[in-house]
Novice: 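Dumping the structure here so I can ask a few things about it.
All heavy atoms count here, side chains included; hydrogens, waters and symmetry mates do not. Counting from 1, the numbers follow the sequence of the chain as shown.
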Amino acid sequence: TPETDSSSAAAAGHTYEHSIARLTYDERRTATSMRACASTFKSMLRSSSVVRARIPPLASPLAPSSSVRGGIAGCGPCLGATAMGSRGFASKAAGGSSANTKDSPGKRLGVKKFGGKYVTPGTILVRQRGTKFHPGMNCGIGRDHTIYSRIEGKVKFSRILRPSVKRHSKKTRKFVHVLPIEEYDDFPKVLVEDAYDARQRIKENHLKWKAESRAEFEKNKKINAEAMQEVKETKQTEREARVEAFKQRMAAKA
């Protein structure tokens with residue numbers, strides 16, 4: 001106990017605190033854990049209704065370091081230096097953490113063909129997220145808001161009055177058009193006065209292009225069906241000819 005250790009240390013000519021100070025840090029920490037374990041173990045025996053064996057004497061903190069590190073003499077491993085929740089030092093250095101380390105390539109958005117550029121059908125004019133630019137005459141828009149050309153011609157950018165409940169609103173929207181070369185110079189850059197007519201003209205142009213595309217699709221579908229039927233009939237005729245020739249050879253051998 002601390003009292004016994006203090007009396008033995010005083011008899012030796014020095015105090016208990018001086019003796020503890022001479023030990024290493026690990027030995028002092030172990031001695032403190034030993035005293036806490038012993039006190040807890042004695043309290044458990046007092047509160048028990050069963051008469052237990054006599055508590056063996058505790059090892060003095062002034063004992064050699066091997067006995068101190070090994071635990072309390074005669075009390076088993078449960079009352080050692082690592083018992084009753086004591087914790088040692090980390091044996092490995094803590095690893096660091098990092099954040100914001102992911103990166104992704106750019107999506108190459110923006111205007112691909114500027115005003116006055118010659119384009120062919122299917123040429124991409126604008127890559128965007130959302131409709132910063134709207135499709136105008138002879139232009140289409142994809143699911144990812146990509147605006148592309150439908151005909152062969154020149155690119156034209158213009159502004160059209162934005163529909164609004166305000167009577168004198170001057171807000172405009174940016175449109176991209178592809179115009180035939182002969183109509184390029186006559187197309188106004190800003191359509192504000194005849195905004196309604198311009199939007200109607202764009203709508204009619206879209207509907208006209210859709211109807212023409214549908215008619216062309218049906219025409220090509222019919223042509224393809226006729227071609228497939230012709231190929232099918234040709235293959236059938238060739239197959240019948242080969243079967244007939246095989247029968248004639250077998251009859252000649254017989």
Novice: Walk me through whether Cys139 and Arg150 qualify under side chain to side chain contact (heavy atoms under 4.5 Å, CB included).
Specialist: CA-CA 5 Å; Cys139 290; Arg150 288 175 174 168; 5.8 Å; no
Novice: Do Glu204 and Lys208 come within less than 4.5 Å of each other through their side chains, counting heavy atoms only?
Specialist: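 No. Closest side-chain heavy atoms not under 4.5 Å.
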Novice: Decide, yes or no, whether a salt bridge links Arg129 with Asp144 under the criterion of side-chain N to carboxylate O below 4.0 Å.
Specialist: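 Salt bridge between Arg129 and Asp144, a charged N being under 4.0 Å from a carboxylate O: no.
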Novice: Has Glu230 got more than 12 heavy atoms of other residues, nucleotides or ligands less than 6.0 Å from its CD?
Specialist: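 Incorrect, the count does not exceed 12.
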Novice: Salt bridge or not for Lys222 and Glu218, using N-O below 4.0 Å?
Specialist: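 Salt bridge absent between Lys222 and Glu218.
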Novice: Run Val111 and Leu125 through side chain to side chain contact (heavy atoms under 4.5 Å, CB included) and show every step you take.
Specialist: CA-CA 6 Å; Val111 178; Leu125 306 179; over 6 Å; no
Novice: Please evaluate residues Leu179 and Met137 with respect to the criterion side chain to side chain contact (heavy atoms under 4.5 Å, CB included), reporting the C-alpha separation (whole Å), side-chain torsions for both, the decisive distance (0.1 Å), and the verdict.
Specialist: CA-CA 7 Å; Leu179 305 172; Met137 300 288 291; 4.1 Å; yes
Novice: Kindly say whether Val119 contributes a backbone atom to a donor-acceptor pair with the side chain of Thr123 at under 3.5 angstrom?
Specialist: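 Not at all, since once roles are kept as given, no pair shorter than 3.5 Å links the two residues.
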Novice: Main chain of Trp209, side chain of Ser213: is a donor-acceptor contact present, judged purely on distance under 3.5 Å?
Specialist: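 Yes; at least one donor-acceptor contact below 3.5 Å.
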Novice: Spell out, as yes or no, whether a donor-acceptor pair under 3.5 Å connects the side chain of Asn138 to the backbone of Val178.
Specialist: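 The answer is yes, because a donor-acceptor pair under 3.5 Å joins these two groups.
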Novice: Are Lys156 and Tyr184 in a cation-pi contact, defined as NZ or CZ under 6.0 Å from the six-membered ring centre and within 45° of the axis?
Specialist: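 Because its charged atom sits under 6.0 Å from the ring centre and within 45° of the axis, Lys156 does stack over Tyr184.
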Novice: Taking atom CD as the centre, does Glu216 end up with more than 12 heavy-atom neighbours from other residues, nucleotides or ligands that are less than 6.0 angstrom away?
Specialist: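 At most 12 heavy atoms, drawn from other residues, nucleotides or ligands, come within 6.0 Å of this atom.
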Novice: Determine, stepwise, if the pair Thr146 / Ile141 fulfils side chain to side chain contact (heavy atoms under 4.5 Å, CB included).
Specialist: CA-CA 5 Å; Thr146 297; Ile141 186 168; over 6 Å; no
Novice: Less than 4.5 Å apart, side chain to side chain, heavy atoms only: is that true for Arg242 and Phe246?
Specialist: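 Result no, sub-4.5 Å side-chain heavy-atom pair not found.
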Novice: CD/Glu212 to CZ/Arg214 distance, rounded to the nearest 0.5 angstrom?
Specialist: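 Answer for the CD-CZ pair, Glu212 versus Arg214, is 14.5 Å.
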Novice: Verify the ring-centre separation between Phe157 and Phe133: is it less than 6.0 angstrom?
Specialist: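 Yes - the distance between ring centres of Phe133 and Phe157 falls below the 6.0 Å cut-off.
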Novice: As an exercise, state the distance from NE2 of His134 to NE2 of His177, rounded to the nearest 0.5 Å.
Specialist: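 The NE2 atom of His134 sits 11.5 Å away from the NE2 atom of His177.
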Novice: I want to check something: taking the side chain as every heavy atom from C-beta on, are Lys174 and Lys132 in contact at a cut-off of under 4.5 Å?
Specialist: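 They are in contact (side-chain heavy atoms under 4.5 Å apart), so the answer is yes.
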Novice: Which distance, rounded to the nearest 0.5 Å, do you find between the OG1 of Thr131 and the NE2 of His145?
Specialist: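 Interatomic distance, Thr131 OG1 to His145 NE2, rounded to 0.5 Å: 6.0 Å.
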Novice: Roughly how far, to the nearest 0.5 Å, is the NZ atom of Lys154 from the NZ atom of Lys117?
Specialist: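 Result: 10.5 Å between the selected atoms.
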Novice: Can Val155 be reached from Ile151 by stepping across I, L, V, M, F, W or Y side chains whose heavy atoms are under 4.5 Å apart?
Specialist: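 Per the 4.5 Å side-chain linkage, Ile151 and Val155 are co-clustered.
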Novice: May I ask you to test the Gln229-Glu233 pair for a side-chain heavy-atom distance under 4.5 Å?
Specialist: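 Yes, their side chains come closer than 4.5 Å.
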Novice: Would the number of heavy atoms belonging to other residues, nucleotides or ligands and lying under 6.0 Å from NZ of Lys112 be above 12?
Specialist: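 Atom NZ in Lys112 is packed in, count exceeds 12.
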Novice: Locate the shortest heavy-atom distance separating Ile147 from Pro135; write the atom from each residue and the value.
Specialist: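 Residues Ile147 and Pro135, closest heavy atoms: CD1-N, 3.9 Å.
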Novice: Using modelled atom types only, decide if a donor and an acceptor are shared between the side chain of Arg108 and the backbone of Gly106 within a distance under 3.5 Å.
Specialist: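 Pair found, side chain donor or acceptor close to backbone of Gly106.
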